[in-house]
Amino acid sequence: SSRVLWTLAVTQFKEYQKLLQAAGIRCTVDDAEKKPGEKYYYWEMKGVPLRMEIGPRDVQNNQVTIVRRDNGEKSNSQRRRTR
């Protein structure tokens, strides 16, 4: 179900958050149940330079999307297994 995929996506984000913070990179997991556009706008207005996306479809496809704020460039890559 989509709820299970959403839970998996949030869990994976939190794993990445731990890895990034251990490397000294500030990272926030936005797990609010808002529309993606609302979240994107909020963080862009705060000036966050990179956005990492893992949605239900990304979970199924074992990928992550990184979006640059300065030029909107998106790059998709296979997600590394953390376990």
[atom1]/[X] to [atom2]/[Y] distance, rounded to the nearest 0.5 angstrom?
X: W43; Y: L50; atom1: CH2; atom2: CG; value: 13.5 Å
X: R69; Y: K46; atom1: CZ; atom2: NZ; value: 12.5 Å
X: N62; Y: Q78; atom1: CG; atom2: CD; value: 5.5 Å
X: C27; Y: Q21; atom1: SG; atom2: CD; value: 6.0 Å
X: E38; Y: E33; atom1: CD; atom2: CD; value: 12.0 Å

Taking [Y] as the starting point, is it possible to reach [X] by hopping between hydrophobic residues whose side chains are less than 4.5 Å apart?
X: L8; Y: I54; result: yes
X: I66; Y: Y16; result: yes
X: V29; Y: L5; result: yes
X: Y40; Y: M45; result: no

Closer than 3.5 angstrom, by distance alone: can the side chain of [X] be matched with the main-chain N or O of [Y] as a donor-acceptor pair?
X: Q12; Y: V59; value: no
X: N61; Y: Q63; value: no
X: K74; Y: T65; value: no

Residue pair F13 / D31, side-chain heavy-atom distance below 4.5 Å: no
Side chains of V64 and D58 in contact at under 4.5 Å (non-hydrogen atoms): no
E53 with R51: basic N within carboxylate O range, under 4.0 Å: yes
R68 with E44: basic N within carboxylate O range, under 4.0 Å: no
